[in-house]
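A quick write-up on the structure given underneath.
Order of the sequence lines sets the chain letters (A, B, ...), proteins ahead of strands, with each chain counted from 1.
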Amino acid sequence: MSDSPQIAPLLFAWYGRVGRDLPWRHTRAPYRIWLSEIMLQQTTVTAVIPYYQCFLARFPDIGVLAAAAAEEVVEAWAGLGYYSRARNLHAAARQVMELHNGCFPETLEELITLPGIGRSTAGAILAIAHQERGVILDGNVRRVLVRLFALEGDPRSSAAEKQLWLWAESLTPAERADDYAQAIMDLGATCCTPTKPNCPECPLAVHCQAFTQGRQDELPQARAAKAVPTVQQVGLLLADKRGRLLVRRRPMNGLLGGLWEFPTREVLPGATPEASARLLLQELGGSGSVEEAGKVAHAYSHFKLDLRFYRGKAGTAGYVGEGEHDWLTAAALRELALHGAHKKALKFI
DNA sequence: AAGTCGGGGTT
DNA sequence: AACCCAGACTT
C-alpha cells in the first residue's frame, strides 16, 4: 500500500517510554531468541517466563539441546502446552547441528525450512536475532492492523491474512526492524488490547481508522463460535501392594505426546462410567471392584474432556498393557511430567 | 479451507 | 462460558 502511514517513529518513541522489560530482551543470541519465539507461540508472556529460564538452565545451548533425548525435552515443556513445539524445537536443533554446523540460519528461506518456524517466527528471528528487516504477523500485530485499517470480516480468513501480510510488509521499516517488531507486539499486548483498548494513550490513534470511526470496540470482528464436543473418559488409580500407582507414557506423536498419565479409556456407549472403569481394571490385569475417586473437567480448543477417576487394586498377574509404564509413589507422581488433566487427579490420592 | 494442537488468564 | 494468547502444521 502506497498510502501506509509512517507509524514506526511513533512506535519507537512509545516503546522507549513504556516498553516491557522481558528476559529475552537482554540477548541477541539466536538460540535464545528462537527459544523465546517458539515458547511464545499462542502462549502468554507470563506463562513463558519461568519455562524460558528453566529450559535455558537445562539446555544452555543448541548443542546440548540437540544431544538430549526427545523425552527429556518434552519433560522440560510439560505444562506449557502445544507439545509439538517441543518436538519440533528438538528436531530443528539437530537439523541446525547437522546441516548448518551448529550455526543458526540467517535467511528467511532457510529459517522456514526448520520445523516449528513459520513465516512470522522466521521474521521475528531475522529482526531480533540478526537485526535484519524481518516482518512479523502475530495475534498482536493482527489486531493492531485490523483496527488501524478498519478491516472488516474474519481476520483469520485467507483473504484477510493476505491483506494483513501486505500491510505488515509495507509498515515494517528498513532500519530498527527489531525495535519495530517488539514495539508493535507490546502495543497489542498492553494498549491495543482485545477488549477496552486504551486509545487515548495509543501513539497510533491519529492514524487509526477504527478509532477515528469510534469502532475500536467492534473490531476485530469475532470469529464464529463452533460447538465443541465432550469426550467421556474414565481413569484408573491402580495401586499395587506397596501403594504405588500405575502410570504410562503417551506416545511421542499426537496429543500430549510424551507426557505421563494414569491409564484411561473412553466410556463405552450405553455403559456406565463405573462399568467402563471395571473393564479397564480387568484389561490391566487388576481384580475386584472399583471405587469412585473424583471427577476432572479439562477444556481444549476443539473438545472438552469429562474424566472420572476410580480407585482399583492391582492383581497378582501384574500389568498387562502395552508401552512404557511405571509404578510410582505419590511423591514421585508430583514430580512427573503429567498430562494436565491427570495432574488435577493427584488430589484424589 | 478447515482441523489439530494446551493451558491459563481475562472478561 | 467465551475469548484470547510473539502460530505452525496436516489434511
Side-chain angles (χ1 to χ4, degrees), chain A residues 19-20 22-25 33-52 74 77-89 91-92 111-129 134-144 154-162 164-165 168 178 180-190 192-197 217 220-230 250 253-259 296-305 337-344:
Chain A
R20 294 175 291 182
L22 301 172
W24 42 89
R25 289 184 175 170
I33 299 303
W34 168 47
L35 176 65
S36 73
E37 290 299 328
I38 301 300
M39 283 189 165
L40 286 160
Q41 287 171 359
Q42 296 293 285
T43 308
T44 56
V45 163
T46 53
V48 164
I49 289 176
Y51 280 89
Y52 176 78
V74 170
W77 209 271
L80 196 55
Y82 284 129
Y83 299 94
S84 65
R85 295 183 296 175
R87 299 195 292 269
N88 286 333
L89 189 83
L111 284 168
I112 284 183
T113 65
L114 295 173
I117 298 183
R119 185 173 175 183
S120 187
T121 299
I125 294 170
L126 269 184
I128 300 168
V135 180
I136 63 166
L137 180 61
D138 72 332
N140 291 311
V141 178
R142 180 179 296 106
R143 185 171 52 256
V144 170
D154 177 5
R156 303 302 297 263
S157 73
S158 60
E161 284 285 297
K162 190 174 175 183
L164 287 165
W165 270 110
D178 53 341
Y180 175 82
Q182 311 220 55
I184 195 169
M185 287 190 287
D186 267 20
L187 188 74
T190 68
C192 192
T193 46
T195 59
K196 295 186 178 180
D217 293 321
Q221 185 181 100
R223 274 185 286 183
K226 52 185 176 184
V228 293
T230 298
R250 296 176 62 90
N253 294 321
L255 183 71
L256 302 159
L259 295 188
V296 162
H298 208 64
Y300 299 91
S301 47
H302 56 300
F303 71 94
K304 294 177 184 176
L305 184 58
L338 264 183
H339 178 338
H342 294 229
K343 214 169 183 57
K344 296 177 182 174

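- Remark: A:R223 engages no residue in a salt bridge (Lys or Arg N to Asp or Glu O under 4.0 Å) (not counting sequence neighbours).
- For A:W77 and B:dG6, the CH2 to P distance is 12 Å, given to the nearest whole Å.
- Straight-line distance between the P atoms of C:dA6 and B:dT11: roughly 14 Å, to the nearest whole Å.
- Of all the heavy atoms in A:I33 and A:I125, the pair that sits closest is CG2-CA, 4.4 Å.
- With sequence neighbours excluded, the residues that form a side chain to side chain contact (heavy atoms under 4.5 Å, CB included) with A:A341 are A:V296, A:H298, A:L305, A:L307, A:H339.
- Between A:R250 atom CZ and B:dG6 atom C1' there is a gap of 12 Å when expressed in whole angstrom units.
- As rounded to the nearest Å, C:dC4 and B:dC5 have C1' atoms that lie 16 Å from one another.
- Listed pair A:H298 / B:dG6 fails the phosphate criterion, with no side-chain N or O lying under 4.0 Å from OP1 or OP2.
- Atom CG of A:L255 is separated from atom C1' of B:dG7 by 12 Å (rounded to the nearest Å).
- Taking side-chain N and O atoms only, A:H302 has a distance below 4.0 Å to OP1 or OP2 of B:dC5.
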>> Strictly under 4.0 angstrom, non-hydrogen atoms only: write out the protein contact profile of nucleotides 3-11 of chain C, one letter per nucleotide from the 5' end, B, S or -.
In response: SSBBBSS--
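- Within the nucleic acid shown, A:I136 has no heavy atom closer than 4.0 Å to any nucleic acid atom.
- Closest-nucleotide positions on DNA chain B for A:S157 and A:G340 were compared, and the one nearer the 5' end corresponds to A:S157.
- Residues A:Y51 and A:W77 place their aromatic rings such that the two centres sit no closer than 6.0 Å.
- Spacing of P atoms, B:dG6 relative to C:dT11, comes out at 16 Å, to the nearest Å.
- Checked against salt bridge (Lys or Arg N to Asp or Glu O under 4.0 Å), A:R85 has no partners two or more places apart in sequence or in another chain.
- Taking atom NZ on A:K343 and atom P on B:dG6, their separation rounds to 16 Å, with Å as the unit.
- What separates OH of A:Y300 from C1' of B:dT4 is a distance of 13 Å, to the nearest Å.
- A straight line from OH of A:Y83 to C1' of B:dG6 spans 6 Å, rounded to a whole angstrom.
- Using a 4.0 Å heavy-atom distance criterion, A:T195 is classed as a sugar-phosphate-only contact.
- Residues meeting the side-chain hydrogen bond (donor to acceptor under 3.5 Å, both in side chains) test with A:Q182, sequence neighbours left out: A:R25.
- Every residue was checked against the salt bridge (Lys or Arg N to Asp or Glu O under 4.0 Å) condition with A:R156, not counting sequence neighbours, and none meets it.
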